[in-house]
Undergrad: 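First the structure, which I've put down as structure tokens, then a few questions once you've had a look.
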Number of protein chains: 4
Amino acid sequence: MPKDPDPARRSERSRQAILEAARELVSEVGYAKVSIEAIAARAGVGKQTIYRWWRGKGAVVFDAFLALSEAGEGEAGEGGGVTLPDTGDIEADLKTVMRATVAEFADPAFEAPIRALNMEIVSDPELAAQYRERLAGPVDEAKKARLRSAQRAGQLAADVDLDLALELLYAPLYQRWLQRSGPLTPAYADALVDLFLKAMRPS
Amino acid sequence: MPKDPDPARRSERSRQAILEAARELVSEVGYAKVSIEAIAARAGVGKQTIYRWWRGKGAVVFDAFLALSEAGEGEAGEGGGVTLPDTGDIEADLKTVMRATVAEFADPAFEAPIRALNMEIVSDPELAAQYRERLAGPVDEAKKARLRSAQRAGQLAADVDLDLALELLYAPLYQRWLQRSGPLTPAYADALVDLFLKAMRPS
Amino acid sequence: MPKDPDPARRSERSRQAILEAARELVSEVGYAKVSIEAIAARAGVGKQTIYRWWRGKGAVVFDAFLALSEAGEGEAGEGGGVTLPDTGDIEADLKTVMRATVAEFADPAFEAPIRALNMEIVSDPELAAQYRERLAGPVDEAKKARLRSAQRAGQLAADVDLDLALELLYAPLYQRWLQRSGPLTPAYADALVDLFLKAMRPS
Amino acid sequence: MPKDPDPARRSERSRQAILEAARELVSEVGYAKVSIEAIAARAGVGKQTIYRWWRGKGAVVFDAFLALSEAGEGEAGEGGGVTLPDTGDIEADLKTVMRATVAEFADPAFEAPIRALNMEIVSDPELAAQYRERLAGPVDEAKKARLRSAQRAGQLAADVDLDLALELLYAPLYQRWLQRSGPLTPAYADALVDLFLKAMRPS
DNA sequence: CGATAATCGAGACGGTACGTCTCGTCTTTCC
DNA sequence: GGAAAGACGAGACGTACCGTCTCGATTATCG
């Protein structure tokens, strides 16, 4: 009987130290050069304590940034999670959101961790599922809520699959950033929204 | 003076053996578990011969698949590179192409190498640039040529940036595959083309 | 703080396996062709376990044969270490000992290890010091004890430095063996003792 | 047909450059850290040129210092080689020579090369033979000539084997230096000569 | 409250792979 | 055809981490 560890006895102190060390190290030296050994050393923790609760480097780093994002949400809404602006003007609202996203991606502090997260997602289906469930899911739900609201207002075609719509809107931006295949500017965000709205216009 | 090696003296025999070994190993054990040591051993080559000409595992694997693709092009067109079908019917042509792409992505033989390639691109800007120049570039040019042809035929708006258009058409598909965020079916390809054409319709 | 490893946690199992592997390999392929890698492999041990406790190949091989010799002593005397025969006849006793030494040097099984040991001693002062302390020291002490006994019996001059005397007696033999500059025979041993005794005769 | 190289075509320029580079490198970094590669680079010579004419590092270094010594002899005597002082007073002459030897060994510039030479001799019988023939031989002959002269003068016993005598005189000094087992002082040289003469006294 | 059990920090262990260095051979180009 | 230059196959070097495995020394319930 290998006996799973008892989560009740888990040291919250160590857990926090590990996640913080992971975050720091990814920012400092980049995901590829982070090692479990380094995380343990910086966190002042035995290696076994990491292996007891995570499957490996990927899972730790992943958790580290997930925890960060979830903490951020917690502060803001508490009950609700994420919400997108809804002024009634779908074009204005989307351009606001997309310009904000462009700006966020330009922040070098986000560069390392988000790229790291994406690499894990690409190569590990399990983490990908967890990511969709815990991070992307809620956000996507909020975005879809805004689109639904616009549909109800007759601003968007009612018969379009919202998952596909979301991809149409975000994937180009995401891909351009991930592959560094072009500049991310507010003008780009606007152009993308314009095309998107044309595609979604009620017939 | 670090003294770069002289490309004229390079052994073509070894180069081929290394690239082939890299391809085989990625297919057999997956990118993450491939090691320079294993590539050298399988290729019957000293490790130094790899380090002399490549920066590391990423670069070798990358080159291996790039060379494969470029070889493929050579056989087919010789003078031309890539061309997309042009029956005059842009909708039919795009659906053909997108369905083919979907099918290609479903092939498990492409899974490992393309994911590996993408991970390298995400984490190494230099390889990303090389990728765009040698692989994506020519293909994108062909795609843009087809779209331009449709613009000339009055089937697409003439004032749209074709780089953006290309992203709108391909990024959703690419992202869904990369993140495994949904099924890739012919129906999906059709729906994507429909939305794209609506967005690109001449006003 | 480079942090030395904790000797208390050291695995005696591994230590023994390493020393034995080192001994075997030196005997089989000769000192120059022994590698740390081969020792580790034969001992079933990680390379790091060797580097953790020794400075390099020289130190391991050295330790291996030193340990062997020390083990040998332990078996024999337990309390005392080494003792030389003392029949009261210094000439007979020395000839016995020197003939035995000559015979020992002729044994091909001693050839490789002792030459290896000597090469390390020549090139590494630190190992030389350790050698003198752990191996040569006790033996020399026994030899000097015998000479002192002869001095007390009036068979040798009382005013001669025993360190010098020891060198006079042993260095010629040792050098002839090391440099292969001549044959090592019982007659040679006798001649050497004769000359030595003449030099040491009480005036 | 492996075909030995033709010595007639050998480049004297390269030979000199190699030997000089070998000497310099041994002095600078120590024998163990010298590599054929480094010698070739410093000599401005292809590696093959070294392998064509020598068996390996040992042989080159050995030759380098041997050539040096032989060159030294050449300058001095031309016709004769080495000669030892002969004032008629064997004790004074030997003390002079031994004190000079002690002084020579104390010179740090001799340290590295002579130790290197000795290590090669210990581990390679072929080089040992060459060493005796080309270097030690002539010197020993000179020493024996001086001892013979003393024998003829009735200062030393006539029936002693001179090879053994030579060992008795030099081996203690040589061993003490090689193993660093004690200080090398003029007083030590004198004491050694005193004991030696007592051993060699005509009965 | 004192027993007892699991987590914890620490770090040695058998391994794999790294990227570098040197070996001795082979090949190319020049003289 | 020797020599410089240097790429090549081979493989050891010493280092960094891997994931597993003891070790005491704290905790933290439970008897």
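Not measured: the values here are computed from a predicted model. First the proteins, then the strands, lettered A, B, ... as listed; each starts at 1.
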Undergrad: Under 3.5 Å, side chain of Arg115(B) to main-chain N/O of Ser123(A), donor-acceptor pair present?
TA: no
Undergrad: From the options dA4(F), dT7(E), dC13(F), select the nucleotide whose nearest atom is closest to the side chain of Thr49(D).
TA: dA4(F)
Undergrad: For Asp124(A), check side-chain hydrogen bond (donor to acceptor under 3.5 Å, both in side chains) against everything at least two apart and list the hits.
TA: Arg55(A)
Undergrad: Atom CZ of Arg52(D) to atom P of dA5(F): distance rounded to whole Å?
TA: 13 Å
Undergrad: Let me know the distance between CZ of Arg15(D) and P of dA3(F), rounded to the nearest Å.
TA: 13 Å
Undergrad: When you get a sec, tell me which of dA12(E), dG14(F), dC18(F) is the closest nucleotide to the side chain of Pro5(C)?
TA: dA12(E)
Undergrad: When you measure from the side-chain N and O atoms of Ser14(A) to the phosphate of dG9(E), is any distance below 4.0 Å, counting only OP1 and OP2?
TA: yes
Undergrad: Whether Trp54(B) contacts dG19(E) is assessed here as follows: a side-chain N or O lying under 4.0 Å from the phosphate OP1 or OP2. Is that the case?
TA: no
Undergrad: Tell me what Gly44(B) touches on the nucleic acid: a base, only sugar-phosphate, or nothing, going by heavy atoms under 4.0 Å.
TA: sugar-phosphate
Undergrad: Given that Ala43(B) and Glu37(C) both sit by DNA chain F, which one's nearest nucleotide is further toward the 5' end?
TA: Ala43(B)
Undergrad: Going 5' to 3' through nucleotides 25-31 of chain E, assign each nucleotide B (protein heavy atom under 4.0 Å from a base atom), S (under 4.0 Å only from sugar-phosphate atoms) or - (no protein heavy atom that close).
TA: BBBB---
Undergrad: Look at the side-chain N and O atoms of Trp53(A) and state whether any lies under 4.0 Å from the OP1 or OP2 oxygen of dA6(E).
TA: no
Undergrad: Distance check needed: dG2(F) C1' versus Ile18(D) CD1, whole Å only.
TA: 13 Å
Undergrad: Could you give the CZ-to-P distance, from Arg42(B) to dG9(F), as a whole number of Å?
TA: 17 Å
Undergrad: Is the side chain of Arg23(D) donor-acceptor paired with the backbone N or O of Val61(D) at a distance under 3.5 Å, no angle test?
TA: no
